[in-house]
J.: 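Once you've had a glance at the structure underneath, I'll fire off some questions.
Start at 1 with the first residue, then count along the sequence.
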Amino acid sequence: MNSPRPLRSCLLTTLSVGLLAAAAVAPAHAERPAETAAAVTFSDTFDGPAGSGVDGAKWQLETGDNVNNHERQYYTPGTDNAKLDGQGNLVIEARRENPGNYQCWYGSCEYTSARLNTSGKFTATYGRVEARMKIPRGQGIWPAFWMLGQDIGQVGWPNSGEIDIMENVGFEPSTVHGTIHGPGYSGSGGIGAGYTLPNGEAFADAFHTFAVDWAPDRITWSVDGNVYQTRTPADLNGNQWVFDKPFFLILNLAVGGYWPGDPDGSTTFPQQLVVDEVKVTTSG
């Protein structure tokens with residue numbers, strides 16, 4: 001990708017994110033690395049009554065708008081836009097509405113959605129980080145599953161590092177992206193690649209598992225077990241590798257912004273990011 005993907009705001013500080021730089025990748029359907037016995041360090045299968053909120057011991061909700069990316073949504077608290085469906089899923093819903101009279105950078109907000117993170121509740125340093133999800137569809141729709149360095153409040157972005165496990169922009173229904181961002185390779189210089197489903201299939205049509213296998217000096221991305229890229233310090237053109245420390249998890253569903261563009265007449269609402277499970281395991 002060559003279009004810019006500028007800033008996203010974080011609960012703790014303001015951060016920026018960038019589109020992916022082209023780079024050599026592993027074969028799209030290679031088997032992911034063999035695993036040894038693993039211990040689960042984080043798991044949420046989102047079991048609970050329909051309409052209930054996420055587990056507050058694991059997640060917190062961020063609120064507000066995001067001028068940095070020119071996203072259009074307002075992230076709401078509570079269960080307004082993020083709740084369990086009673087079938088073992090978390091549903092993050094983007095709607096074209098503004099019942100709370102929320103104000104955004106462009107005036108009265110046009111959309112609501114939700115963004116969750118585990119900062120202060122759970123961090124990972126290495127391991128397999130994965131989520132089984134069914135993503136939404138439509139022009140201007142931007143779901144993401146990603147991580148930030150827990151030290152972002154102290155060192156800022158991009159020194160904190162960012163690992164984008166999965167991002168999708170609605171104008172690419174068959175493709176997801178994985179990226180790393182750090183000092184000297186942020187914004188449009190983020191380093192990553194895309195993974196495209198065969199035969200014109202759309203990611204919104206079914207659940208898929210998006211994962212990284214993360215080890216010292218090495219991060220490998222996969223979709224449904226198919227490895228599509230590996231990154232090491234050798235990819236950074238001499239810049240600093242900032243991925244050997246604790247990171248927290250983020251799930252969000254954005255609407256609009258510089259990268260996906262705004263919704264248009266073809267976009268229908270509501271749109272849902274349905275999350276079946278988030279899990280982190282470490283090698284035994």
J.: Assess the pair Y111 and W142: is the distance between their ring centroids shorter than 6.0 Å?
T.: no
J.: Within the side chain of S186, is there an N or O that forms a donor-acceptor pair under 3.5 Å with the backbone of P183?
T.: no
J.: I need the N252 CG to L116 CG distance, nearest 0.5 Å.
T.: 9.0 Å
J.: Quick one: are E172 and F203 in side-chain contact, heavy atoms under 4.5 Å?
T.: no
J.: Return the CZ to CG distance between F248 and N117, rounded to the nearest 0.5 Å.
T.: 5.0 Å
J.: Please list every donor-acceptor pair under 3.5 Å in which a side-chain atom of residues 205-212 meets a protein atom from a residue at least two apart or in another chain.
T.:
residue	atom	partner	partner atom	Å
D205	OD1	R137	NH2	2.6
H208	ND1	D224	OD2	2.6

J.: Quick one: are W221 and Q229 in side-chain contact, heavy atoms under 4.5 Å?
T.: yes
J.: Which pair of heavy atoms, one from Q73 and one from T112, lies closest together, and at what distance?
T.: CB-C, 4.4 Å
J.: State, yes or no, whether a side-chain contact exists between L90 and L251 at a heavy-atom distance under 4.5 Å.
T.: yes
J.: Does the side chain of Y185 reach to within under 4.5 Å of the side chain of I191, using non-hydrogen atoms?
T.: yes
J.: Between R132 and E277 (salt bridge meaning N to carboxylate O under 4.0 Å), is one present in this structure?
T.: no
J.: Enter the distance from I165:CD1 to M147:CE here, rounded to the nearest 0.5 Å.
T.: 4.0 Å
J.: Mind checking whether Y74 and N98 have side chains closer than 4.5 Å, heavy atoms only?
T.: no
J.: Is there a donor-acceptor contact under 3.5 Å from the side chain of T267 to the main chain of Q139?
T.: yes
J.: Provide the closest heavy-atom pair for G78 versus L61 in the form atom of the first, atom of the second, distance.
T.: O-CD2, 3.4 Å
J.: Q150 versus S119: any side-chain heavy-atom pair under 4.5 Å?
T.: yes
J.: Per the side chain to side chain donor-acceptor pair (under 3.5 Å) rule, which among D213, T282, T281 passes with R128?
T.: D213
J.: For R72, does its backbone N or O pair with a side-chain atom of D262 as donor and acceptor, under 3.5 Å?
T.: no
J.: Using side-chain heavy atoms (C-beta onward) and a distance below 4.5 Å, is F42 in contact with T118?
T.: yes
J.: Is there a side-chain contact between P270 and E93, using heavy atoms and a 4.5 Å cut-off?
T.: yes
